[in-house]
Amino acid sequence: MKTLVVAELCIGCEICVGSCPYAAIDMVEGLAIINDKCTNCGACVEPCPQEAIIQEGKIEKEEADISSYHGVAVFAEQRDGHLSSVTTQLLGAARDLASDLGTQVYAYLFGSNVKGLAKDLVAYGADKVYVADEPRLEHYQTLPYTKVIVDMINQSKPEIVLYGATHIGRDLAPRVAQRLCTGLTADCTKLTIDEETKNLFQTRPAFGGNVMATIMTPNHRPQMSTVRPGIMKEKPKDDARPGEIIDFQVEVTDVDFLTRIIEIVKDEHKGVNLEDAKIIVSGGRGLGSKEGFKLIQELADVLGAEVGGSRPTVENDWISKDHQVGQTGKTVRPELYIACGISGSIQHRAGMEPSKIIVAINKDPVAPIFTVADYGIVGDLHAILPLLIQELKTRGLGGL
Ligand code: FAD
Ligand code: SF4
Ligand code: SF4
């Protein structure tokens with residue numbers, strides 16, 4: 001697709017210049033010229049009073065008959081027969097959205113011999129579970145999973161579909177959006193229903209986290225979002241919840257399997273499970289050096305906690321990226337989050353604010369972290385942490 005100005009129609013009014021968020025329109029001798037900063041976003045097309053701006057090669061899609069779509073669906077991600085935590089969290093969010101819309105919650109489950117998980121999905125909030133149980137779907141593969149979920153969506157016609165912003169969800173959801181010619185908002189932090197229009201408000205950080213953008217898909221269905229693990233809250237499991245389990249007729253052929261899995265080699269690296277941790281001890285630039293993390297690790301060991309870090313500690317190579325908490329790291333919601341030498345920037349807070357109890361240790365009494373902390377200790381962490389570790393060891397409070 002290419003955005004062009006039809007020179008014969010342009011009257012040089014300059015209206016389009018202000019409408020372009022990318023400074024991609026220059027006025028040259030009274031004529032609008034689109035430069036190479038253009039992202040083809042289309043924002044300049046409508047404001048032009050002369051209809052002089054066109055988008056060559058744009059695929060127009062007929063507006064969907066929105067009224068025929070009902071229900072809030074969740075792509076139920078599982079690995080090795082275990083539901084991922086983001087799936088149950090999304091079911092919690094889907095239940096709230098469905099109750100605002102007066103509709104049902106669907107779950108789309110894929111895999112081989114996974115039918116047993118369907119009742120867990122019901123217990124966590126699904127009213128209907130569509131199960132694609134088929135040996136060839138045992139491991140995630142982009143093309144066959146896309147084909148089957150598109151078939152499921154076309155059959156069940158949900159108005160909303162939610163995916164975890166995991167490696168799988170981030171790969172699958174854009175493909176589905178493209179096939180269905182609908183919108184997709186990535187990494188949402190808040191999902192609500194507009195009372196008036198019943199559209200889904202999808203809120204996510206934009207421009208480096210400096211603004212929160214609320215995005216809608218008013219003319220197409222389904223409305224689709226990805227949400228990072230840890231953002232939404234699951235509902236308590238209720239094994240007595242009634243629900244319908246539907247065997248979905250999977251229609252895949254060799255053409256849908258352009259790639260073949262020959263072998264799965266699991267990474268030996270012990271991953272950090274920050275998302276499920278009950279206690280996290282996190283270190284920031286205030287640690288002063290990589291050595292500082294020894295104190296953090298010691299406190300974490302006493303408490304039976306995981307270790308987290310702010311972005312500068314990752315960038316300085318004091319700790320690996322999978323420990324990073326924040327907007328571009330992980331979102332966590334432990335029972336206890338201890339922030340040591342972390343200033344509390346908006347990007348860091350975006351990843352840890354849902355924590356139940358926040359303790360901050362910082363030598364600056366006006367550090368922003370204290371605005372979200374339940375308990376604050378003002379002082380040098382190199383003096384405070386050894387005291388804390390000693391005290392915990394003496395009192396035997398390890399593994400709270
Ligand atoms: P600083 O802001 O430098 O704070 C260090 C703190 O330690 C200070 O408050 C200081 O008073 C205190 N201190 C110093 N010495 C001691 C001592 N001896 N004892 C006690 N306290 C001490 N950041 C993240 O963390 N996660 C993200 O995911 C993330 N994503 C980002 C995405 C974007 C697009 C951008 C632009 C930025 C992002 N950042 C992220 C960076 C963020 O803006 C901050 O720069 C970062 O969080 C600051 O890290 P910090 O608190 O460790 O360091
Ligand atoms: Fe030309 Fe239209 Fe831009 Fe006005 S808004 S300068 S007519 S392209
Ligand atoms: Fe600017 Fe978007 Fe128009 Fe390109 S399509 S000139 S980026 S407003």
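Scope of the values below: all heavy atoms of this structure, side chains included, with no hydrogens, waters or symmetry mates. Atoms within each ligand, like the ligands themselves, are counted from 1 in listed order.
- Relative to atom 12 (C) of ligand 1, the option among N362, V366, L287 with the closest non-hydrogen atom is N362.
- Using a 4.0 Å cut-off between charged nitrogen and carboxylate oxygen, K393 and E298 count as a salt-bridge pair.
- Panel note: side chain R221, backbone I66; no donor-acceptor pair is recorded below 3.5 Å.
- Counting atoms of ligand 3 from 1 in the listed order, those under 4.0 Å from a heavy atom of T3 are 5 (S).
- For ligand 1, the atoms lying closer than 4.0 Å to a non-hydrogen atom of Q327 are 27 (C), 28 (O).
- Less than 4.0 angstrom separates some heavy atom of I25 from each of these atoms of ligand 3: 6 (S).
- Between the choices C41, C44, G18, the shortest heavy-atom distance to atom 2 (Fe) of ligand 3 belongs to C41.
- Contact check on D120 versus K237 returns a salt bridge, with a Lys/Arg side-chain nitrogen under 4.0 Å from an Asp/Glu carboxylate oxygen.
- In this structure, L200 and T185 have side chains that are not in contact, with every pair of non-hydrogen atoms separated by 4.5 Å or more.
- Ring geometry for W318 versus F293: interplanar angle over 60°, hence perpendicular rather than tilted (30 to 60°).
- Only protein atoms were considered; those of element N, O or S under 2.8 Å from atom 1 (Fe) of ligand 2 number 1.
- What you find for V105 and G125 is that their closest heavy atoms are CB-O, 3.5 Å.
- Of the polar atoms of I361, none of the N or O atoms is found under 3.5 Å from an N or O of ligand 1, judged by distance alone.
- The option from S310, G344, G351 that lies nearest to atom 50 (P) of ligand 1, judged by heavy atoms, is S310.
- Ion pairing of D374 with K356 is absent here, as no side-chain N (NZ or NE/NH1/NH2) approaches a carboxylate O to less than 4.0 Å.
- The shortest heavy-atom distance from P312 to ligand 1 is under 4.0 Å.
- When A339, G286, C340 are checked for heavy-atom proximity to atom 14 (C) of ligand 1, G286 turns out nearest.
- Contact atoms of ligand 3 toward C38: 4 (Fe), 5 (S), 6 (S), 7 (S) (distance under 4.0 Å to a heavy atom of the residue).
- In summary, the atoms of ligand 1 found under 4.0 Å from a heavy atom of H382, numbered by their order in the structure, are 18 (N).
- Considering CG of L274 and CE of M352, their distance stands at 12.5 Å, rounded to 0.5 Å.
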Inset, instruction - Verify side chain to side chain donor-acceptor pair (under 3.5 Å) between Y140 and D171, making sure each step is shown before the conclusion. - result: CA-CA 10 Å; Y140 175 74; D171 183 64; 2.6 Å; yes

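- Counting heavy atoms closer than 4.0 Å to ligand 1, residue V325 contributes backbone atoms (N, CA, C, O) but none from C-beta onward.
- Those atoms of ligand 1 that come under 4.0 Å of a heavy atom in T328, given as number and element, are 27 (C), 28 (O), 29 (C), 30 (N), 31 (C), 32 (C).
- Within 6.0 Å of CG on D254 lie no more than 12 heavy atoms contributed by other residues, nucleotides or ligands.
- The environment of CD in E244 is crowded: more than 12 heavy-atom neighbours from other residues, nucleotides or ligands sit within 6.0 Å.
- Electrostatic pairing of K235 and D96 counts as a salt bridge here, judged by a charged N lying under 4.0 Å from a carboxylate O.
- Using a 4.0 Å cutoff on heavy atoms, G288 does not count as a contact of ligand 1.
- Between R241 and D127, at least one side-chain nitrogen of the basic residue sits less than 4.0 Å from a carboxylate oxygen of the acidic one, meeting the salt-bridge criterion.
- Among the atoms of T313, none of the N or O lies under 3.5 angstrom from an N or O of ligand 1.
- The shortest N or O to N or O distance between G341 and ligand 1 is under 3.5 Å.
- Heavy-atom contacts of Y22 reach the following atoms of ligand 3: 7 (S) (cutoff under 4.0 Å).
- For atom 1 (Fe) of ligand 3, the nearest non-hydrogen atom of the protein is C20 SG, 2.3 Å.
- For atom 7 (S) of ligand 3, the nearest non-hydrogen atom of the protein is T39 N, 3.4 Å.
- Every residue was checked against the side-chain hydrogen bond (donor to acceptor under 3.5 Å, both in side chains) condition with E335, not counting sequence neighbours, and none meets it.
- Between Q55 and N40 the shortest side-chain heavy-atom distance falls below 4.5 Å.
- No side-chain heavy atom of F110 sits less than 4.5 Å from a side-chain heavy atom of V250.
- Nearest to atom 45 (O) of ligand 1 by heavy-atom distance, out of R349, Q324, R285, is R285.
- Residue-ligand proximity, G284 to ligand 1, at heavy-atom distances under 4.0 Å covers atoms 52 (O).
- Heavy atoms of S343 found under 4.0 angstrom from ligand 1 belong to the backbone as well as the side chain.
- Here is the list of ligand 1 atoms found below 4.0 Å of a heavy atom in G329: 28 (O).
- Crowding of Y375 atom OH: a count of heavy atoms from other residues, nucleotides or ligands under 6.0 Å not exceeding 12.
- When the heavy atoms of P47, G42, A43 are ranked by distance to atom 5 (S) of ligand 3, first place goes to G42.
- The contact set between ligand 1 and D380, taken as ligand atoms under 4.0 Å from a residue heavy atom, comprises 17 (C), 18 (N), 19 (N).
- Near S345, with a cut-off below 4.0 Å to any heavy atom, the atoms of ligand 1 are 42 (C), 43 (O), 44 (C), 46 (C), 47 (O).
- Surrounding NZ of K198 are more than 12 heavy atoms belonging to other residues, nucleotides or ligands, all under 6.0 Å away.
- Residue contact check: G326 has heavy atoms under 4.0 Å from atoms 26 (N), 27 (C), 28 (O) of ligand 1.
- A chain of hydrophobic side-chain contacts below 4.5 Å, direct or via other Ile, Leu, Val, Met, Phe, Trp or Tyr residues, connects V314 to V281.
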